[in-house]
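Okay, so here's the structure we're looking at.
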Amino acid sequence: MSFANMKKQRKSNFSRLNEEIGKINNGDQKGNQDDRFWKPELDKSGNGYAVLRLLPPVDGEDLPWVRIFNHGFQGPGGWYIENSLTTLGKKDPVSEYNSQLWNSGIEANKDLARKQKRRLTYISNVLVLEDPKHPENEGKVFLYKYGKKIFDKINDLMNPQFEDESPINPFDFWEGANFKLKIRKVEGFTNYDKSEFAAPSALMDGDDKRLEDLWKTQYKLQEFLLPENFKTFDELQERLDKVLNVSASPNGLAAALTAETDDIGVPQHVTPPQVKNDFEESAEEESDSMSYFSKLAEEDW
């Protein structure tokens, strides 16, 4: 923007600034969210419904999803909410610490490792076909975060277990299938078991021109795996030391690992309702867990 244009637009800019201030004053955090992402809105009972179509890879990319590992847990020094470097095939301080805890042979340390486990998130492009809570989203392309449970349904469709079932690629424009997202609250946990794929059908009646136009509006996924979107090992180690309230000296973590009771060095952690105590890669729906973590972290930081 040139100086002259800045001068002309200063009144409209002032109005826009006031709108953003109003959002902050009213507790509206939408401005901090990535509008490219779609998320279902649940009713008071924790139920939700939508119909989505998973979309194929964009030009220049091989897969219709990316996988990201991250950690979210609370220690004496605050919340640790970070992407894991294991996503990029690199060493990560939390994973290394968890391995030490697990191999210590102390049950209390194993419990901590379970609570600090990494969780798995997938990101894909989707076309929203039905969104009862927000019909304005219908017909638009969004990014969608989902966890292992939904990915398992995708895998089951692509690799059926029974001989009378044919493999289906749900990401295919012409021979894919709509996904009926059905969300329930079961024993306090978000449950996706009722979600299912419909019968195979061509999207947009298989009209290549419309499908190509849609394809060109999809978002690139590999950007989420760029190194600049991850902190360095040293930066993550510094944050972990602060959260665990452990000295940065070599004896700091060793003291915690040899402690057999919480009152002599093992940090206390809080496990949010959405997280279960299965070690490492047994992931719940990450978008739900991380939303919970983020809200608590905003208060803590």
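When a residue number appears, it is its place in the shown sequence, counting from 1.
A pairwise comparison of heavy atoms in W65 and S124 identifies CB-OG, 3.4 Å as the closest pair. Across all non-hydrogen atoms, the minimal contact from P57 to P64 is CG-N, 3.7 Å. The two atoms that bring S104 and N109 nearest to each other are OG-ND2, 3.0 Å, heavy atoms only. Across all their heavy atoms, A199 and A177 have their closest contact at O-CB, 4.1 Å. Shown here for Q161 and E165, the closest heavy-atom pair between the two residues is N-OE1, 3.8 Å. Scanning all heavy atoms of the two residues, the minimum distance from W102 to A113 falls at CE3-CB, 4.1 Å.
Under 4.0 Å is where a charged nitrogen must lie from a carboxylate oxygen, and between R36 and E223 at least one such pair does. Salt bridge K115/D111: absent, no basic N to carboxylate O contact under 4.0 Å. Of the charged side-chain nitrogens involved, none lies within less than 4.0 Å of a carboxylate oxygen, so that D213 and R210 do not count as a salt-bridged pair. Between E107 and R114, at least one side-chain nitrogen of the basic residue sits less than 4.0 Å from a carboxylate oxygen of the acidic one, meeting the salt-bridge criterion. The pair E235-R239 does not meet the salt-bridge criterion, since no charged nitrogen lies less than 4.0 angstrom from a carboxylate oxygen.
Two residues are said to be in side-chain contact when any heavy atoms from C-beta on lie closer than 4.5 Å; S166 and P160 fail this criterion. Inter-residue side-chain proximity for H71 and S84 is flagged as met; some heavy-atom pair is nearer than 4.5 Å. Side-chain contact between V66 and Q222: present, with at least one pair of heavy atoms (C-beta onward) separated by less than 4.5 Å. The closest side-chain heavy-atom distance from I154 to F171 is below 4.5 Å. Side-chain atoms of P40 and I183, non-hydrogen and from C-beta on, do get closer than 4.5 Å to each other. Residues L52 and N178 form no side-chain contact, since every pair of their non-hydrogen atoms from C-beta on lies 4.5 Å or further apart. Considering only heavy atoms from C-beta on, V94 stays 4.5 Å or farther from T86 through its side chain. Counting only heavy atoms from C-beta outward, the side chains of W38 and D131 approach each other to under 4.5 Å.
Atoms CG and CG, on L181 and L129 in that order, are 12.0 Å from each other to the nearest 0.5 Å. One finds the CG atom of N98 at 5.0 Å from the CD atom of Q116 (value rounded to the nearest 0.5 Å). The distance from atom CG of L101 to atom CD1 of I106, rounded to the nearest 0.5 Å, is 9.0 Å. With rounding to the nearest 0.5 angstrom, the OG1 atom of T121 is 11.0 Å from the CZ atom of R67. L236 contributes atom CG, which lies 15.5 Å from atom OH of Y97 (distance to the nearest 0.5 angstrom). In this structure, N83 CG and R118 CZ are separated by 12.5 Å, a value rounded to the nearest 0.5 Å.
Summarising the local packing, CD of E228 is surrounded by more than 12 heavy atoms from other residues, nucleotides or ligands at distances under 6.0 Å. With a 6.0 Å radius and a threshold of 12 heavy atoms from other residues, nucleotides or ligands, K220 has its NZ atom above the threshold. Atom CD of E238 has 12 or fewer heavy atoms from other residues, nucleotides or ligands within 6.0 Å. Around NZ of K182, the count of heavy atoms belonging to other residues, nucleotides or ligands within 6.0 Å exceeds 12. Counting heavy-atom neighbours within 6.0 Å of D62 CG, excluding the residue itself, gives a total of 12 or less. The environment of CD in E61 is crowded: more than 12 heavy-atom neighbours from other residues, nucleotides or ligands sit within 6.0 Å.
Scanning for side chain to side chain donor-acceptor pair (under 3.5 Å) contacts around N155 gives N159, with sequence neighbours left out.
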Under the side-chain contact (heavy atoms from CB on, under 4.5 Å) criterion, do L211 and W174 qualify, and how do the steps go? CA-CA 9 Å; L211 291 173; W174 299 271; 3.4 Å; yes

Evaluation steps, side-chain contact (heavy atoms from CB on, under 4.5 Å), between N70 and I81: CA-CA 7 Å; N70 45 44; I81 304 173; over 6 Å; no

Verdict with supporting geometry, L240 and V246, side-chain contact (heavy atoms from CB on, under 4.5 Å): CA-CA 9 Å; L240 178 62; V246 174; over 6 Å; no

Go through the steps for K133 and L42 under the test side-chain contact (heavy atoms from CB on, under 4.5 Å), then give the verdict. CA-CA 8 Å; K133 290 285 186 180; L42 308 183; over 6 Å; no

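Ring geometry for Y80 versus F73: interplanar angle under 30°, hence parallel rather than tilted (30 to 60°). Relative orientation of the F224 and F37 rings is perpendicular, given thresholds of 30° and 60° on the angle between their planes.
Within the cation-pi definition used here (under 6.0 Å to the ring centroid, within 45° of the axis), K153 does not qualify as a partner of F197.
A donor-acceptor contact shorter than 3.5 Å links the side chain of N191 to the backbone of D193. Panel note: side chain N245, backbone G77; no donor-acceptor pair is recorded below 3.5 Å. Between the side chain of R53 and the main chain of D172, a donor-acceptor pair closer than 3.5 Å is present. At least one donor-acceptor pair closer than 3.5 Å links the side chain of Q218 to the backbone N or O of P56. Although no hydrogens or angles enter the test, the distance criterion places no donor-acceptor pair under 3.5 Å between the side chain of S45 and the main chain of N47.
A distance of 6.0 Å or more separates the ring centres of W215 and F173. Between Y144 and Y146, the distance separating the two ring centers is shorter than 6.0 angstrom.
Neither V58 nor M204 shares a network with the other; the hydrophobic side chains, linked directly or stepwise wherever heavy atoms of I, L, V, M, F, W or Y lie under 4.5 Å apart, form separate groups for each. Neither V186 nor Y49 shares a network with the other; the hydrophobic side chains, linked directly or stepwise wherever heavy atoms of I, L, V, M, F, W or Y lie under 4.5 Å apart, form separate groups for each. With hydrophobic clusters built from ILVMFWY side chains whose heavy atoms lie under 4.5 angstrom apart, L63 shares a cluster with L157.
Between K180 and S195, the side chains place no donor N or O within less than 3.5 Å of an acceptor N or O (distance only, hydrogens not considered).
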